[in-house]
Asks: 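A single structure is presented below for examination.
Every chain is numbered from 1, with letters handed out A, B, ... down the list of sequences.
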Amino acid sequence: MVVAESKPIEEILAMVADFDKILLTGCKGCVTVCNAGGQKEVGILASALKIARKKEGREIEIEEITLERQCDPEYIDQLEEPIAKNNYDAVLSMACSVGPQYIAKRYEDTLVYPCLNTTFIGGALEHGVWAEFCQACGSCGIHNFGALCPIARCAKSLLNGPCGGSAGGKCEISPETDCVWHLIYERMSRLGQLDKMANVVMFKDWTTSRDGGPRKIVREDLKQ
Amino acid sequence: MRLNYPSNIKIINVPCTGRVDILHLLKAVEDGADGVYVAGCLEGDCHYISGNLKAKKRVAYAKKVLEAIGLEPERVEMYNLSAAQGARFAEIAREFTERIHQLGPSPVGSGAKAA
Amino acid sequence: MKAGSHLEKMFAAGHFAVTGELGPPRGADAGHIHEKAKYLKGIVESVNVTDNQTAVVRMASMAVCRLLLDMGIEPNLQMVCRDRNRLAIQADLLGASALGIKNVLCLSGDHQKFGDHPQAKNVFDIDSMQLIATCKKLRDEGKLINDHECEGVPQYFIGAAVNPFADPFDFRVTRLAKKIKAGVDFLQTQCIYNMEKFRTYIQQANDLGLTEKCYIMAGITPLKSVGMARYMQKFVPGLDVPEDYIERLKGVDKKKQGDEGIKIAIEQIQEVKEMKGIAGVHVMAIEWEERVEEIVSGAGLLPRPEVS
């Protein structure tokens, strides 16, 4: 899933400093799963913003809506009525950054603000802990590395690691960070594939990655 | 046992402090409470194993939220005591009330003046 | 001859080679280079010029290499993959050759997290292994990565670094073999302090015949003080400083710790010189260039042999 985290409340407060009435939108997709922008987090943020503004003696009106998803136009359409009726000063999105962009595209005259920092494609390691697993390079080759991704998980995206900074299974950038190349070594060793690690992996073609420009997938079989 | 505790405290019953959400704590502050505290069972004595530990983490989170928006985090607190400790309950009530008196009324409350 | 550099000739003649290292200044003062480099002239075969070492911005390695050439000192151009993509890397490699630089040292580069611009975006389009392959392809095939033929084929004596002390230890010799497979001609090791572990490593390399396929230079860094030794022990990942050396430095007067460090370095050189599979030493006297002569001389390696 897309993993995100809330922006500091101070930053969001500064965004809404001039507004008296806003719509705060959550998303029931990835950001609900990673506890960053679901219905619950929408409620907490709305309450925090209201407390802060009450304290300043300038109350803010906040309407809360959590959509099924913010990365599909059909759900964004559901905002049409409240936006048309309520004359909000702005719409805040607690989805990954796709959400606020969809809202901005659909409601051209509406000010839109992101409340999350979209962080990575990853998964939960345990409750409350998430880590990055994929960098969306657009051409997956993890089967060559014991089904572990060195591009996303090695600090230097090395294809021929581990580098000289690998110590005790940890990366030189932080004792908190696993050296993925150490993990690759252990896994390939277990699978009896260490000979594969003796091969020099040559240049990666990055055209399928972001380096090739913004990406788009067209499925003719589904397109209408 | 007829123990006195300050009359300004409004008790909200929950089956276990594990039921207390961050939003409950914030809503109380938002609606004008000068302070909110959670009285949970002693650590290790939760009937539901870890309800009071979850509450403790949520209280800590609510404190962080208050701090971020410039309110005293001390307005939210977690206490642990057993159901048999009536005297301790009254003592905590007095202690927390005293703390809130020291802090003064919440700037969020209805009594607060507009800035 | 691959490139005909002085360093390559020393190896080819069977001499035990010595290289030094110079860190460019954090400014535009060329005088600084002259000041430091003069201590190395005639003492070592060639001098590594670091490339934004430890991710701290310094004068460009290539520019400093050219300044050294002007001083009559042969440079080893260090090049990291952190700061440039394959376009810039190849452009720089071609330019280096045009400037008369013959030795290139291919490195991945320290992560910028600990440097002076931790906010920077890193590149890592290719890694050190692929950089070696890039140099080799340019030299042996006269082609760029995209198979475009070069007008004017560059000649390099290709180097790289290896760290025998990083983990997993059992993989370290495989990685050395990979660098040879990628096309490396000579290798310099990370600073060696744990001799026993280094012996095991070189023994493994000898057993696989790797030491006959490239020249391996043992990395020597003199310890200036107990403080420096402790720092390297604790904070440099993949560096192994045994307690014995620290005890030895502690055993002498604080002012004499530097001298003791030099003594240790000399002993280490004498020790590795006798090891099968070691073709030279790379002396990295960090901000201590003025003591290199004393070390090399103390190890009985001066005067340097003449080759033509």
Asks: Distance from A:S47 atom OG to B:D31 atom CG, nearest 0.5 Å?
Replies: 8.0 Å
Asks: Any side-chain to backbone donor/acceptor pair from A:K55 onto B:S106? Under 3.5 Å, distance only.
Replies: no
Asks: Is it the case that atom NZ in A:K40 sees more than 12 heavy atoms from other parts of the structure closer than 6.0 Å?
Replies: no
Asks: Nearest 0.5 angstrom please: B:K64 NZ to A:I9 CD1, how far?
Replies: 10.0 Å
Asks: Tell me whether A:I217 at atom CD1 has more than 12 heavy atoms from other residues, nucleotides or ligands lying less than 6.0 Å away.
Replies: no
Asks: What distance do B:I69 atom CD1 and A:I12 atom CD1 have between them, rounded to the nearest 0.5 Å?
Replies: 11.5 Å
Asks: Flag yes if more than 12 heavy atoms outside A:K50 fall under 6.0 Å of its NZ atom; otherwise flag no.
Replies: yes
Asks: Do the side chain of A:K54 and the main chain of B:E30 share a donor and acceptor less than 3.5 angstrom apart?
Replies: yes
Asks: Rounded to the nearest 0.5 Å, how far apart are CD1 of A:I44 and CG of B:L23?
Replies: 6.0 Å
Asks: Counting neighbours of CZ on A:R215 that are heavy atoms of other residues, nucleotides or ligands and sit closer than 6.0 Å, is the number greater than 12?
Replies: yes
Asks: Flag yes if more than 12 heavy atoms outside B:Y61 fall under 6.0 Å of its OH atom; otherwise flag no.
Replies: no
